[in-house]
Amino acid sequence: MANKIVIVGGVAGGATAAARIRRLDEKAEIVLLERGEYISFANCGLPYYIGGIIEKRDSLLVTTLEDFSGRYNIDIRNFSEVTAIDTEKKEVVIKKVQSGELYRESYDKLILSPGADPIKPSLPGIELPNIFSLRNIPDTDRIKEFVDSTKPTAAVVVGGGFIGLEMADNLVHRGVKTTVVEMLDQVMAPLDIEMVSMVHSYLQNNGVVLELGNSVTSFEKGGSGIKVVTSSGKIIECDLVILAIGVKPESALAESAGLELNARGGVKVNEALQSTVEDIFVVGDVIESRNFLTDQPIMVPLAGPANKQGRIAADNALGRNSTYGGILGTSILKLFDLTVASTGMNEKMLKQKEIAYLKSYTHSFSHATYYPGAERMAFKLLFDPENGRILGAQIIGKEGVDKRIDVMATALYAGLTVFDLEKLELAYAPPYSSAKDPVNVAGYVAANILKGDLKTVNWDELPDFDQEKTVLLDVRTGPEIKLNGSIPRAVNIPIDDLRAKADKLDKEKTYVVFCAIGLRGYIGYRILSQLGFNALSFSGGYELYRFIAADKRGEFIKAAVL
């Protein structure tokens with residue numbers, strides 16, 4: 001007897017599950033129920049269509065109902081909302097959205113992929129017509145039609161996460177002055193504050209106004225536009241508002257069916273993606289998954305994991321034995337011509353989980369500098385102080401960031417150490433990399449720290465040093481310092497003069513050596529330490545310091561380049 005598998009929800013998780021089931025079992029009866037019109041569309045591409053970068057609306061449609069149904073022989077019913085699950089009878093109650101008619105459909109196995117809803121807080125004025133959220137194609141159509149027809153001059157994006165920043169980028173691309181209001185003191189929560197300080201400067205250099213550590217308290221009608229009232233008392237006038245505060249799991253259906261949820265409303269599943277109710281599997285943004293590194297509960301709404309979960313749930317619904325190992329949280333974002341990426345754990349998470357770690361900062365070029373177009377990238381590496389196991393990475397730059405973060409995600413998945421990074425054989429030709437790839441360089445520096453060949457001071461440790469006993473030693477050239485400044489109270493001895501002038505230094509003091517990005521600072525550290533001085537290398541160099549310092553002052557570095 002053929003299996004009958006009902007799938008609730010399409011897009012990344014549900015559509016992937018349906019296609020996988022058909023490829024494995026030609027005889028299975030597959031019913032895919034989708035509340036909306038579209039069963040598979042590119043969620044992540046929606047902001048770029050609004051911004052005009054993706055020109056054709058049809059490009060957002062991964063497949064049509066007709067094409068998908070014809071190719072995979074699936075009973076697809078759009079405009080069909082599942083309102084209840086009868087777990088005893090193994091039936092779902094379906095409402096035809098357009099007519100309101102109710103009917104029942106039986107199942108042998110049920111896969112839920114309802115996704116998550118944008119958070120819409122109960123604030124005064126939030127129902128005003130010029131306030132939008134972005135989740136699906138109809139939302140996109142409404143926003144794009146508004147922007148096309150009214151040609152707004154000012155917008156407010158509430159929330160500095162991925163969708164919020166992508167919308168800010170695309171609105172600026174359309175010529176709209178855009179303000180991002182974020183209640184935290186930073187955008188992009190996966191990044192640590194010193195790395196995101198570079199992003200803050202870059203956004204502001206591209207015309208985005210940042211209101212950080214501020215939240216929206218209400219919306220008011222103001223002429224033909226909206227007044228956004230914030231907790232600081234500031235009122236921002238604009239023509240439209242995009243709500244990008246985050247998402248919440250759409251788990252009401254699962255809860256009513258008796259599936260166990262966590263405190264945040266995420267559906268609990270095991271490694272087979274099976275819920276606490278027999279024969280019901282759940283995938284996508286709605287589930288509580290596991291952190292791949294710690295095996296602790298985590299919720300990360302990303303399309304990549306949802307696709308993988310759909311495939312695994314399909315296997316298990318057909319009686320196979322597939323398991324989902326958890327989420328690393330690998331993510332990447334395009335901001336104008338900057339790429340921002342991260343994988344694994346950040347410092348905030350490591351501190352919260354009380355996991356011991358060390359960190360290193362490196363600045364490498366995307367490819368050989370003698371080949372035109374090389375761009376520098378900032379690379380933060382987090383690793384275990386005992387065995388060097390990689391715990392996380394954050395990379396920011398204009399070129400080559402994507403392939404380096406993918407290497408790091410693979411290294412994390414494989415349980416590699418910083419010593420392995422030193423030895424990785426990665427593709428090299430002048431247009432693509434250097435003989436020492438940025439990943440290798442990050443490994444060299446981290447391994448040097450663990451071997452004791454490099455003793456570092458990090459930016460957040462600098463204030464702890466006794467100013468009377470510590471000398472900040474800038475080994476850059478005079479013209480560099482005149483152009484970009486230096487750390488207050490620093491003494492300058494160019495690196496090429498250091499050996500000759502070392503006898504004038506005081507061996508009773510500690511020398512924190514730094515340059516622009518770290519290499520000359522490391523050489524200076526090695527010179528002084530081997531000459532008997534108490535020396536330390538300032539990790540990340542002056543470039544890292546000046547972004548952090550500007551950010552702390554509430555300023556940004558104009559015409560900033562990494």
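Predicted model only: the values in this text are computed from it and were never measured. Atoms considered below: every heavy atom in the structure, side chains included; atoms not considered: hydrogens, waters and symmetry mates.
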Are any of the side-chain nitrogens in [X] or [Y] under 4.0 Å away from the carboxylate oxygens of its partner?
X: Glu508; Y: Lys469; value: no
X: Lys151; Y: Asp239; value: no
X: Asp474; Y: Arg476; value: yes
X: Asp169; Y: Arg174; value: no
X: Arg376; Y: Glu399; value: no
X: Glu543; Y: Arg546; value: yes

Heavy-atom donor-acceptor pair, [X] side chain to [Y] backbone, under 3.5 Å:
X: Tyr428; Y: His367; value: no
X: Ser201; Y: Ile557; value: yes
X: Thr230; Y: Lys234; value: yes
X: Ser59; Y: Arg57; value: no
X: Glu237; Y: Gly222; value: no
X: Thr470; Y: Gln467; value: no
X: Arg290; Y: Asp295; value: yes
X: Asn291; Y: Thr294; value: yes
X: Asn346; Y: Asp192; value: no

Does a sphere of radius 6.0 Å around [atom1] in [X] hold more than 12 heavy atoms from other residues, nucleotides or ligands, not counting ones at 6.0 Å or beyond?
X: Lys334; atom1: NZ; result: yes
X: Gln296; atom1: CD; result: yes
X: Lys227; atom1: NZ; result: no
X: Glu55; atom1: CD; result: no
X: Tyr371; atom1: OH; result: no
X: Tyr432; atom1: OH; result: no
X: Lys507; atom1: NZ; result: yes

> What's the verdict on side-chain hydrogen bond (donor to acceptor under 3.5 Å, both in side chains) for Arg404 and Ser433, showing C-alpha distance, side-chain angles and the deciding distance?
Replying inline: CA-CA 10 Å; Arg404 272 69 186 213; Ser433 185; 3.2 Å; yes
>> Just verifying a value: how many Å separate Leu302 CG and Ile332 CD1, rounded to the nearest 0.5 Å?
In response: 12.0 Å
Any heavy-atom pair between the side chains of [Y] and [X] that's under 4.5 Å?
X: Pro118; Y: Leu134; result: no
X: Leu536; Y: Val513; result: no
X: Val180; Y: Val209; result: no
X: Lys455; Y: Ser537; result: no
X: Ile396; Y: Val401; result: no
X: Met345; Y: Ile355; result: yes
X: Lys398; Y: Thr339; result: no

> Taking it one step at a time, do Asn214 and Glu182 satisfy side-chain hydrogen bond (donor to acceptor under 3.5 Å, both in side chains)?
Replying inline: CA-CA 6 Å; Asn214 205 356; Glu182 169 57 58; over 6 Å; no
>> Which label fits Phe533 and Tyr511: parallel for a plane angle under 30°, tilted from 30 to 60°, or perpendicular past 60°?
In response: perpendicular
> When the aromatic ring centroids of Phe292 and Tyr413 are compared, is their separation below 6.0 Å?
Replying inline: yes
> What pair of heavy atoms forms the shortest contact from Asn484 to Tyr542, and how long is it?
Replying inline: O-OH, 2.8 Å
>> Assess the residue pair Ser197 and Glu194 against the criterion (side-chain hydrogen bond (donor to acceptor under 3.5 Å, both in side chains)); give the C-alpha distance rounded to whole Å, side-chain angles, the decisive distance to 0.1 Å, and a yes or no.
In response: CA-CA 5 Å; Ser197 67; Glu194 75 279 18; over 6 Å; no
> So, Ser539 and Thr456: side-chain donor and acceptor under 3.5 Å apart, yes or no?
Replying inline: no
> Do Asn440 and Glu422 get their side chains close enough for a donor-acceptor pair, meaning under 3.5 Å?
Replying inline: no
> Centre of Tyr49's six-membered ring, under 6.0 Å away, within 45 degrees of the axis: is that where NZ or CZ of Lys144 sits?
Replying inline: yes
> Does Arg389 make a cation-pi contact with Phe383, if we ask for NZ or CZ under 6.0 Å from the ring centre and within 45° of the axis?
Replying inline: no
> Which residues pass the side-chain hydrogen bond (donor to acceptor under 3.5 Å, both in side chains) test with Ser149, sequence neighbours left out?
Replying inline: Glu145
>> Among residues at least two apart in sequence or on other chains, which ones pass ring-ring contact (aromatic ring centres under 6.0 Å, His included) with His173?
In response: none
>> If you apply the rule side-chain hydrogen bond (donor to acceptor under 3.5 Å, both in side chains), what do you find for Asn387 with Thr417, and how did you get there?
In response: CA-CA 7 Å; Asn387 57 24; Thr417 70; over 6 Å; no
